Amino acid sequence: MSEEKSLNFIEEIVEADLSAGKYQSILTRFPPEPNGYLHIGHAKSICLNFGLAIKYGGKTNLRFDDTNPSTEETEYVESIKEDVRWLGFEWANELYASNYFEQLYQFATQLIEKGLAYVDDSSSEEIATQKGTPTLAGTENQYRHRTVQENIELFSDMRAGKYKDGEKVLRAKIDMASSNMHMRDPIIYRIKHAHHHRTGDAWCIYPMYDFAHGQSDSIENITHSICTLEFIPHRPLYDWCIENLSIFPSKQYEFARLNITYTIMSKRKLLQLVNEKHVFGWDDPRMSTISGMRRRGYPAESIRDFCEKIGVAKRENLIDFSLLEFCVREKLNKSALRRMVVFDPLKIVITNYPNTVEFLESENNPEDSNSGTRTMPFSKELFIEKDDFMEVAPKKYFRLSPGQMVRLKSAYIIKCESVIKDAVGNITELHCTYIPESKSGSDTSGINVKGTLHWVSIAHAINAEIRMYDRLFQVEDVANAAGDFKDHINPNSLQVLANAYAEPALQTDPPTDACQFIRKGYFILDKDSTSTQLVFNRTVTLKDAWAKEVKKA
RNA sequence: UGCCUGAUAGUAUAAGGGUAGUACAACUGUUUUUGGUACAGUUUGUCUUGGUUCGAAUCCAGGUCGGGCAACCA
């Protein structure tokens with residue numbers, strides 16, 4: 001039982017319960033409301049719930065918390081299932097709180113019969129007023145003293161559709177003076193003449209979260225019901241319902257939700273970004289949604305690894321976005337195919353190279369000896385990156401400049417002989433010479449150069465559109481920044497490069513996973529690609545020590 | 001001026017009365033046909049005041065600061 005990695009507080013609880021014989025095995029659940037797409041915060045919960053079951057030999061249910069028909073849709077159910085599966089998890093049962101509507105109705109009736117629930121005719125404003133404030137006790141109203149029989153009939157009439165929305169509610173009769181606001185006779189059923197995505201028009205009353213969640217856990221025999229910190233004040237009510245209904249005692253445990261710098265983690269705000277067209281959709285690669293990250297090229301393994309690294313605790317946290325990027329790079333460095341793409345071209349002519357084409361071999365991934373090689377056409381006229389040449393080079397600049405030599409990756413060492421300019425003095429091309437005996441793999445030149453550049457043969461290059469993403473927000477702590485969160489949107493979060501020049505392998509053999517454009521970063525083919533136009537999303541840049549050096553100067 | 005929570009490097013997370021450790025970030029080097037990777041190293045920390053103890057991040061008491069709670073949302 002003593003592993004190297006220390007346990008988080010929930011794992012400790014589970015191990016204690018198991019070793020005390022409280023449970024033979026554990027059952028957890030992931031309970032999203034189908035009113036939006038899943039985001040990286042949900043991934044933390046998914047990894048926790050499913051991870052616990054895997055680690056301790058239990059099971060996990062996927063349960064849709066669909067008790068509010070006005071916000072929920074089947075589209076969301078489908079996306080949630082896709083995202084959980086993509087993350088690499090399989091649920092034991094696909095369930096819905098709406099499966100239990102009849103059972104929940106019976107539970108409510110039982111409470112009424114025990115004198116623990118009553119129908120209240122007050123308006124929502126009246127109920128709010130009577131509730132008091134955190135420092136002022138609430139007051140009881142006349143409806144609280146209705147008889148059991150009267151309540152049974154009224155509740156039955158509510159179900160039968162005799163009342164309009166808001167006319168009546170069912171409340172638990174607990175304590176209007178409780179220091180916990182949630183215990184001041186919480187509403188447990190409301191009237192909503194709305195179409196439900198699963199039960200259709202069968203119901204016009206719907207249970208509130210507090211009367212559905214715990215009971216659903218209990219019905220499923222969930223042993224450990226894990227949720228976020230804001231539900232701590234609900235726990236006494238969760239336990240109250242289970243106790244007064246005498247049903248299976250599921251237990252609720254709370255952990256701190258995930259926050260990441262420069263991003264938002266709220267379904268409501270994410271929906272706003274989509275509706276107000278600040279992004280192109282739920283799966284926009286800049287979004288913190290699972291689908292956005294998938295489209296961006298983040299591997300599921302990286303997201304799981306990230307969730308493992310951030311840990312589980314009760315303290316509020318704000319995780320550096322760079323940790324997520326680290327996880328992505330760490331995985332992709334090992335698995336991504338290497339390719340060459342020139343973003344901003346500068347033509348070079350190798351004056352002493354014949355008018356022929358040579359196919360040079362280049363490794364697909366130096367980190368993976370099983371990844372093999374590919375060939376790249378090499379010719380007299382090439383493109384290199386404009387950034388990789390400076391007419392007047394500063395100290396420690398290892399790239400090309402007049403009279404200097406560099407290696408072209410997997411090809412030859414070249415020397416810049418002259419700079420060709422147009423009438424206004426713009427550099428139009430470079431004339432270089434190559435060292436024939438410096439060919440990669442059979443270099444006998446004895447020359448050592450500091451810089452290695454990526455390149456493409458102009459005649460063979462194919463066109464590609466590159467979409468480069470940056471953080472969506474400009475402030476670290478978006479949720480707590482002053483003003484509206486939309487004031488902090490980064491106006492440059494997307495830069496599109498319409499004409500990049502890619503090596504032919506990218507077209508003849510399009511990669512399905514993210515690949516590395518050497519010296520540029522990791523990129524993945526986007527679904528917007530067509531047979532004639534490749535479109536790539538930048539997943540993440542490479543670390544760039546030179547950029548840092550330049551910044552310092 | 002209520003109730004509930006929490007506080008360990010810049011950010012997270014361990015140490016459960018006995019060496020404050022790990023990861024990311026930052027910074028130095030070494031290696032390198034990616035200024036990538038890999039490797040080696042450096043910097044930075046127990047909110048505060050008392051108490052118990054041979055010994056406290058850990059136990060006790062007070063304070064300070066942060067978060068949550070008054071939706072017919074979840």
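Note that the coordinates shown come from a computational prediction; the quantities given were computed from them, not determined experimentally. These values consider heavy atoms only, across backbone and side chains, with no hydrogens, waters or symmetry-generated copies. Naming: A, B, ... by sequence-line order, numbering from 1 per chain.
As rounded to the nearest Å, B/U19 and B/A61 have C1' atoms that lie 29 Å from one another. The P atoms of B/C60 and B/C65 are separated by 23 Å, rounded to the nearest whole Å. Of the C1' atoms belonging to B/U30 and B/G36, the separation is 16 Å, rounded to the nearest Å. Taking atom C1' on both nucleotides, B/U11 is separated from B/A74 by 29 Å, rounded to a whole Å. For the C1' atom pair drawn from B/U52 and B/A14, the interatomic distance equals 26 Å after rounding to whole Å. B/A12 sits 31 Å from B/C73 when the C1' atoms are compared, rounded to a whole Å. Look at the C1' atom in both B/C39 and B/G45: the space between them is 27 Å, to the nearest Å. For B/G35 and B/G29, the C1' atoms lie 15 Å apart once the distance is rounded to whole Å.
For the pair A/Glu220 and A/Arg29, the salt-bridge criterion is not met [side-chain N within less than 4.0 Å of a carboxylate O]. Residues A/Lys314 and A/Glu254 are paired through a salt bridge, judged by an N-O separation under 4.0 Å between the basic side chain and the carboxylate. The pair A/Glu503-A/Arg374 meets the salt-bridge criterion, since a charged nitrogen lies less than 4.0 angstrom from a carboxylate oxygen. In this structure, A/Asp121 pairs ionically with A/Arg146, as a charged nitrogen and a carboxylate oxygen lie closer than 4.0 Å.
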Contact list (N/O, under 3.5 angstrom) for nucleotides 65-71 of chain B vs protein:
| unit_1 | atom_1 | unit_2 | atom_2 | d |
| --- | --- | --- | --- | --- |
| B/G67 | O2' | A/Glu316 | OE2 | 2.8 |
| B/C69 | O2' | A/His182 | NE2 | 3.4 |

Give every pair of a protein N or O atom and an N or O atom of nucleotides 40-46 of chain B that lie under 3.5 Å apart, one pair per line with the distance.
none

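Rounded to whole Å, the distance from CD on A/Glu254 to C1' on B/A74 is 15 Å. Rounded to whole angstrom, the span from the OH atom of A/Tyr189 across to the P atom of B/C73 amounts to 14 Å. Atom CZ of A/Phe211 is separated from atom P of B/C73 by 16 Å (rounded to the nearest Å). For the pair A/Ile10 CD1 and B/U13 C1', the interatomic distance rounds to 15 Å; values are reported in whole Å. Rounding to whole angstrom units, CZ of residue A/Phe255 and C1' of B/C4 are separated by 19 Å. Put simply, CZ on A/Arg257 is 18 Å from P on B/G6, counting in whole angstrom units. Distance A/Leu136 CG to B/C3 C1': 14 Å, rounded to the nearest Å. In this entry the distance linking CG of A/Asp368 with P of B/U37 reads 17 Å, nearest Å.
At a threshold of 4.0 angstrom between heavy atoms, the contacts of A/Ser122 include nucleobase atoms, whether or not backbone atoms are also involved. Among the heavy atoms of the strands lying under 4.0 Å from A/Ser123 is at least one base atom, whether or not backbone atoms are also near.
Closest-nucleotide positions on RNA chain B for A/Lys192 and A/Lys314 were compared, and the one nearer the 5' end corresponds to A/Lys314.
For an aromatic pair to be called close, the ring centres must be under 6.0 Å apart, and A/His213 with A/Tyr209 satisfies this. Aromatic pair A/Phe536/A/Phe517: ring centres closer than 6.0 Å. Residues A/Tyr298 and A/Phe306 keep their aromatic ring centres 6.0 Å or farther apart.
For RNA chain B, each stem of at least three Watson-Crick or G-U pairs (distances under 3.5 Å) is given as range with range: B:2-7 with B:64-69, B:10-13 with B:21-24, B:26-30 with B:38-42, B:47-51 with B:59-63.
Legend: residues meeting side chain to side chain donor-acceptor pair (under 3.5 Å) with A/Asn259, ordered by chain and number and at least two apart, are absent.
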Q: Evaluate the side-chain contact (heavy atoms from CB on, under 4.5 Å) criterion for residues A/Glu316 and A/Leu229: first the C-alpha distance (whole Å), next the side-chain angles of each, then the deciding distance (0.1 Å), finally the verdict.
A: CA-CA 9 Å; A/Glu316 310 276 341; A/Leu229 253 27; 3.9 Å; yes
Q.
Using side-chain contact (heavy atoms from CB on, under 4.5 Å), reason through A/Cys416 and A/Gln404 one step at a time and then give a plain yes or no.
A. CA-CA 6 Å; A/Cys416 177; A/Gln404 295 302 304; 5.9 Å; no
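Looking at A/Arg338, its side chain never comes within 3.5 Å of a backbone N or O of A/Gln516 through a donor-acceptor pair.
For the pair A/Lys168 and A/Tyr163, the cation sits on the ring face: its NZ or CZ lies under 6.0 Å from the ring centre, inside 45° of the axis.
With no hydrogens or angles considered, a side-chain donor-acceptor pair links A/Arg339 and A/Asn364 at under 3.5 Å.
Exactly one residue among A/Trp455, A/Phe378, A/Tyr353 makes a ring pair (Phe, Tyr, Trp, His ring centres under 6.0 Å) with A/Tyr434. That residue is A/Tyr353.
Not one side-chain nitrogen or oxygen of A/Arg171 sits closer than 4.0 Å to the OP1 or OP2 atom of B/C72.
Applying the side-chain hydrogen bond (donor to acceptor under 3.5 Å, both in side chains) test to pairs two or more places apart or on separate chains, those with a residue in residues 540-549 of chain A are A/Lys396-A/Glu549.
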**Q.** Nucleic acid footprint by protein, nucleotides 21-35 of chain B - heavy-atom cut-off 4.0 Å, B for base, S for sugar-phosphate alone
**A.** --SSSSSS----BBB
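Taking the side chain of A/Ile310 as heavy atoms from C-beta on, and the options B/C72, B/A74, B/A12, the nearest nucleotide is B/A12.
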